[in-house]
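Here, residue 1 is the first one in the sequence, and each next residue gets the next number.
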Amino acid sequence: MTEQGSHVEVRRSGLKMWLLSLAGVPLLVLGVDVLRNRRIISFFQNLIWPNGNPEVLEPRDYIWAVALVIVGLLIAVFGVAELINPRPVLAASEDGLRLRIGNPFSSLTFIPWNEVVDVGAEQLDDEGDPVSVFVLTVSNRERLPAHPWGARWLDDKTLAVLASDWETPPGRVAERVAAASLQASRYRHPVTT
């Protein structure tokens with residue numbers, strides 16, 4: 001997280017992006033193996049059918065192999081791209097808050113400070129697993145996507161943004177964003193004596 005006056009910027013964790021890119025490699029290798037020389041697949045076939053009667057690959061197996069190559073390549077490229085040139089997932093400045101909750105290729109969604117009611121952090125239960133989220137309550141939901149990426153609406157005005165891959169814990173981010181909002185309000189409404 002970078003912070004300068006009323007500017008706050010949060011990116012995804014470099015380590016988590018590196019691990020994500022590594023997760024795409026086995027998918028890519030397995031898919032290419034099925035499409036090309038089948039060394040890995042043949043090894044496992046010989047372990048399962050030691051009598052030398054392995055099952056023949058069917059056309060649907062090649063379709064799955066192509067899907068594995070595409071998904072593995074997308075995951076690896078996304079992870080490396082975020083590692084080399086990390087894009088902010090949250091940015092706060094004098095004019096408002098920006099969040100990456102649109103599709104992966106869209107720019108940050110802007111919310112002016114006068115529409116931000118509250119910010120915070122929580123641990124939500126996701127089928128028994130705790131998930132760290134940045135919680136944002138807004139007065140005007142129309143500016144935000146109805147079906148945000150990497151986030152979900154908890155009610156009509158409260159948005160929970162998935163923060164498990166952020167470089168900074170969401171509680172600390174919420175504190176910094178609240179401080180940036182306060183600092184920005186001082187710029188908008190200076191106190192005169």
Side-chain angles (χ1 to χ4, degrees), residues 1-21 23-24 71 74-189:
M1 176 171 71
T2 57
E3 190 176 352
Q4 182 178 11
S6 63
H7 293 279
V8 177
E9 197 169 88
V10 180
R11 298 181 182 337
R12 290 185 176 94
S13 166
L15 175 63
K16 290 180 182 176
M17 290 301 101
W18 173 247
L19 294 174
L20 177 68
S21 66
V71 169
L74 286 174
I75 290 172
V77 167
F78 175 76
V80 170
E82 281 292 319
L83 184 64
I84 293 172
N85 185 22
R87 299 177 302 162
V89 291
L90 179 143
S93 62
E94 289 92 8
D95 55 348
L97 183 63
R98 289 171 176 77
L99 289 170
R100 187 165 306 282
I101 54 175
N103 68 56
F105 304 107
S106 67
S107 59
L108 296 169
T109 302
F110 174 71
I111 307 133
W113 287 124
N114 62 353
E115 293 180 12
V116 175
V117 176
D118 193 20
V119 294
E122 289 184 24
Q123 291 282 325
L124 293 183
D125 181 38
D126 184 31
E127 297 180 3
D129 295 326
V131 177
S132 298
V133 294
F134 174 80
V135 179
L136 172 69
T137 305
V138 294
S139 61
N140 182 11
R141 179 180 170 165
E142 294 169 10
R143 183 179 301 277
L144 303 173
H147 304 287
W149 286 55
R152 70 175 118 161
W153 289 102
L154 299 179
D155 59 37
D156 287 342
K157 305 281 184 182
T158 307
L159 182 69
V161 182
L162 183 64
S164 58
D165 63 348
W166 291 6
E167 64 186 357
T168 308
R172 188 162 167 232
V173 171
E175 291 172 5
R176 300 298 187 232
V177 167
S181 172
L182 183 61
Q183 185 76 18
S185 72
R186 289 184 183 146
Y187 289 129
R188 288 190 311 266
H189 310 288

Q: Under the criterion side chain to side chain contact (heavy atoms under 4.5 Å, CB included), I'd like the reasoning laid out for Leu159 against Phe134: C-alpha separation, chi angles, the key distance, then a yes or no.
A: CA-CA 8 Å; Leu159 182 69; Phe134 174 80; over 6 Å; no

Q: Working note: Asp129 + Glu127, criterion side chain to side chain contact (heavy atoms under 4.5 Å, CB included); need CA distance, chi angles, decisive distance, verdict.
A: CA-CA 6 Å; Asp129 295 326; Glu127 297 180 3; 5.8 Å; no

Q: Taking the side chain as every heavy atom from C-beta outward, state whether Val138 and Val117 have any pair of such atoms under 4.5 Å apart.
A: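 They are not in side-chain contact.
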
Q: Can you tell me how far CG of Leu154 sits from CG of Leu124, rounded to the nearest 0.5 angstrom?
A: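 Spacing of CG (Leu124) from CG (Leu154) equals 6.0 Å.
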
Q: Report the distance from atom CH2 of Trp18 to atom CG of Leu83, rounding to the nearest 0.5 Å.
A: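 Nearest 0.5 Å value for the CH2-CG distance: 7.0 Å.
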
Q: State, yes or no, whether a side-chain contact exists between Val135 and Val119 at a heavy-atom distance under 4.5 Å.
A: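 No, every pair of side-chain atoms sits at 4.5 Å or beyond.
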
Q: How close do Ser132 and Gln123 get, counting heavy atoms only, and between which atoms?
A: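 In terms of heavy atoms, the two residues are closest at OG-NE2, 2.8 Å.
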
Q: Measuring from atom CH2 of Trp149 to atom CG of Asn103, what distance do you get when rounded to the nearest 0.5 angstrom?
A: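 Nearest 0.5 Å value for the CH2-CG distance: 6.0 Å.
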
Q: Does a side-chain N-to-carboxylate-O contact under 4.0 Å join Arg11 and Glu167?
A: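 Salt bridge: no.
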
Q: For a quick test of reading the model, state the closest non-hydrogen atom pair linking Leu20 to Ile75 and the distance between them.
A: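 Nearest pair, atom of Leu20 first, then Ile75: O-CG2, 3.1 Å.
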
Q: About how many Å separate OG of Ser181 and CG of Asp118, when rounded to the nearest 0.5 Å?
A: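 Asp118 CG to Ser181 OG: 10.0 Å, rounded to 0.5 Å.
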
Q: Decide side chain to side chain contact (heavy atoms under 4.5 Å, CB included) for Arg98 and Ser93; before the verdict, give the C-alpha distance in whole Å, the side-chain angles of both, and the deciding distance to 0.1 Å.
A: CA-CA 8 Å; Arg98 289 171 176 77; Ser93 62; 3.3 Å; yes

Q: Please examine the side chains of Val161 and Val133, heavy atoms only from C-beta on, and report whether any two atoms are closer than 4.5 Å.
A: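 In short, these two side chains do not touch, never coming nearer than 4.5 Å.
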
Q: Output yes when Arg12 and Asp165 qualify as a salt bridge under the 4.0 Å nitrogen-oxygen rule, no when they do not.
A: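 The answer is yes: the pair qualifies as a salt bridge.
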
Q: Taking all non-hydrogen atoms of both residues into account, name the closest pair between Ala121 and Pro170 and its distance.
A: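 Between these two residues, the closest heavy atoms are CB-C, 3.5 Å.
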
Q: Please report the shortest heavy-atom distance between Pro145 and Pro148, naming the atom on each side.
A: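 Looking at all heavy atoms of both residues, the closest pair is O-CD, 3.6 Å.
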
Q: Would you say the side chain of Asp156 lies within less than 4.5 Å of the side chain of Arg141, judging by non-hydrogen atoms?
A: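 Arg141 vs Asp156: side chains touch.
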
Q: Is any NZ, NE, NH1 or NH2 atom of the basic residue among Arg143 and Glu115 found under 4.0 Å from an Asp or Glu carboxylate oxygen of the other?
A: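 Salt bridge flag = yes for Glu115 with Arg143.
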
Q: Please find the pair of heavy atoms, one from Val8 and one from Ala180, that lie closest to each other, and give the distance.
A: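 Nearest pair, atom of Val8 first, then Ala180: CG2-CB, 4.0 Å.
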
Q: Give, for atom OG1 of Thr158 and atom CZ of Arg152, the distance between the pair rounded to the nearest 0.5 Å.
A: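 Answer rounded to 0.5 Å: 13.0 Å.
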
Q: So, for Thr109 and Leu144, which heavy atoms are closest and what is the spacing to 0.1 Å?
A: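 Closest pair (atom of Thr109, atom of Leu144, distance): CG2-CD2, 3.6 Å.
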
Q: Run the side chain to side chain contact (heavy atoms under 4.5 Å, CB included) check on Phe78 and Met17 step by step: do they pass?
A: CA-CA 8 Å; Phe78 175 76; Met17 290 301 101; 4.2 Å; yes

Q: If we only count heavy atoms from C-beta on, is the Val89 to Leu99 side-chain gap below 4.5 Å?
A: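 SC-SC contact between Val89 and Leu99 ruled out.
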
Q: Between Leu136 and Leu97, is there a side-chain heavy-atom distance shorter than 4.5 Å?
A: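 Side-chain contact under 4.5 Å: yes.
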
